[in-house]
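The chain is numbered in sequence order, starting from 1.
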Amino acid sequence: MRAKRIALVIPARLSQPVRVEKIDTALAARQTLVEGNVGAITSKDWHVYLNDEADSIPLPLNARAEVLIREAGLHLEEAVSGTAVFLGHQDNGDEADAPAHLLQLAERLFGSGMAA
């Protein structure tokens, strides 16, 4: 049985809502969500999966994900593009649900009811 975790999914297109959903953490499922090869940006207790070829494809900029990453305390040198999938991680490196503090920050930034 594959692991399912609660993820925060932030599409690049503003017409698509930010959502919290239970996802399959298998590589193929993550590739489907980010529409291609998976790269990651890691912080203390969370990470975000992005399409690692976003600049060369090109994929649309994801201002909401970039704002969340910066507001969560991570300095970025480059822009964020394409769909962003946020998950937590355990000390041993295994996937975990997106941390509550990240969901609460996203709720404050992007709208009520997301972290419920």
Side-chain angles (χ1 to χ4, degrees):
M1 185 171 155
R2 295 198 175 166
K4 291 202 176 233
R5 297 289 181 215
I6 295 172
L8 173 64
V9 181
I10 303 180
R13 302 212 184 279
L14 295 175
S15 61
Q16 297 177 332
V18 174
R19 63 191 188 275
V20 176
E21 67 181 69
K22 192 171 269 197
I23 66 162
D24 183 341
T25 59
L27 178 60
R30 288 181 281 137
Q31 288 173 323
T32 298
L33 285 168
V34 302
E35 301 174 29
N37 294 329
V38 177
I41 298 172
T42 302
S43 187
K44 181 180 177 186
D45 63 346
W46 59 267
H47 50 278
V48 57
Y49 291 115
L50 301 161
N51 185 313
D52 71 355
E53 299 175 319
D55 292 338
S56 61
I57 293 176
L59 292 175
L61 293 176
N62 191 331
R64 294 180 295 190
E66 192 170 324
V67 165
L68 180 61
I69 291 167
R70 291 178 193 278
E71 289 295 317
L74 195 60
H75 177 72
L76 292 178
E77 293 291 328
E78 66 280 343
V80 173
S81 298
T83 299
V85 180
F86 291 82
L87 286 164
H89 51 257
Q90 299 173 17
D91 291 336
N92 64 2
D94 287 346
E95 300 283 6
D97 292 342
H101 68 88
L102 197 64
L103 297 177
Q104 291 165 353
L105 179 58
E107 184 175 27
R108 283 198 321 267
L109 291 169
F110 310 125
S112 63
M114 284 185 9

Glu35 vs Asn51, side-chain hydrogen bond (donor to acceptor under 3.5 Å, both in side chains): CA-CA, chis, key distance, verdict = CA-CA 7 Å; Glu35 301 174 29; Asn51 185 313; over 6 Å; no

query = Would Leu76 and Glu66 count as a side chain to side chain contact (heavy atoms under 4.5 Å, CB included) if you check the C-alpha gap in whole Å, the side-chain angles of each, and the deciding distance to 0.1 Å?
reply = CA-CA 8 Å; Leu76 292 178; Glu66 192 170 324; 4.2 Å; yes

Pair Phe86-Leu103, side chain to side chain contact (heavy atoms under 4.5 Å, CB included): steps then yes or no = CA-CA 9 Å; Phe86 291 82; Leu103 297 177; over 6 Å; no

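In this structure, the separation between CG on Asp24 and CG on Leu33 is 9.5 Å, given to the nearest 0.5 Å. Distance check, rounded to the nearest 0.5 Å: CG of Leu8 to CD1 of Ile6 gives 11.0 Å. A distance of 7.5 Å separates CD in Glu95 from CD1 in Ile23, rounded to the nearest 0.5 Å. Between atom CZ of residue Arg5 and atom CG of residue Leu87 there is a gap of 9.0 Å, rounded to the nearest 0.5 Å. Going from atom CD of Gln90 over to atom CG of Asp97 covers 9.0 Å, rounded to the nearest 0.5 Å. To the nearest 0.5 angstrom, Leu109 atom CG is 13.5 Å from Arg70 atom CZ.
Arg13 places no side-chain N or O within 3.5 Å of a backbone atom of Thr83 that could act as its donor or acceptor partner. A donor-acceptor pair is defined here as one N or O able to donate and one able to accept, closer than 3.5 Å; such a pair exists between the side chain of Asn62 and the backbone of Ile10.
Val34 and Ile57 sit in two unconnected hydrophobic clusters of ILVMFWY residues. Membership requires side-chain heavy atoms under 4.5 Å apart, directly or through other members. When hydrophobic clusters are built by joining Ile, Leu, Val, Met, Phe, Trp and Tyr residues whose side-chain heavy atoms come closer than 4.5 Å, directly or via intermediates, Trp46 is grouped together with Val20. Leu14 is not connected to Phe110 by any chain of hydrophobic side-chain contacts under 4.5 Å among Ile, Leu, Val, Met, Phe, Trp and Tyr, and they are in different clusters. Following chains of ILVMFWY side-chain contacts shorter than 4.5 Å, one can reach Ile41 starting from Val18, so the two form part of one hydrophobic cluster. One hydrophobic cluster, built from ILVMFWY side chains closer than 4.5 Å, holds both Leu102 and Val80.
The two residues Ala106 and Leu68 come nearest to each other via the heavy atoms N-CD1, 3.9 Å. Counting all heavy atoms, side chain and backbone alike, Ala84 lies closest to Val48 at CB-CG2, 3.6 Å. The two residues Leu61 and Ala79 have their closest heavy-atom pair at CD2-CB, 3.7 Å. Minimum interatomic distance between Gln16 and Pro11 (heavy atoms only, all atoms of both residues): OE1-CB, 3.1 Å.
Looking only at side-chain heavy atoms (C-beta outward), Glu21 and Val9 come within less than 4.5 Å of each other. Two residues are said to be in side-chain contact when any heavy atoms from C-beta on lie closer than 4.5 Å; Pro99 and His101 meet this criterion.
Ring orientation note: the planes of His89 and His47 are close to parallel, at an angle under 30° on the 30°/60° scale.
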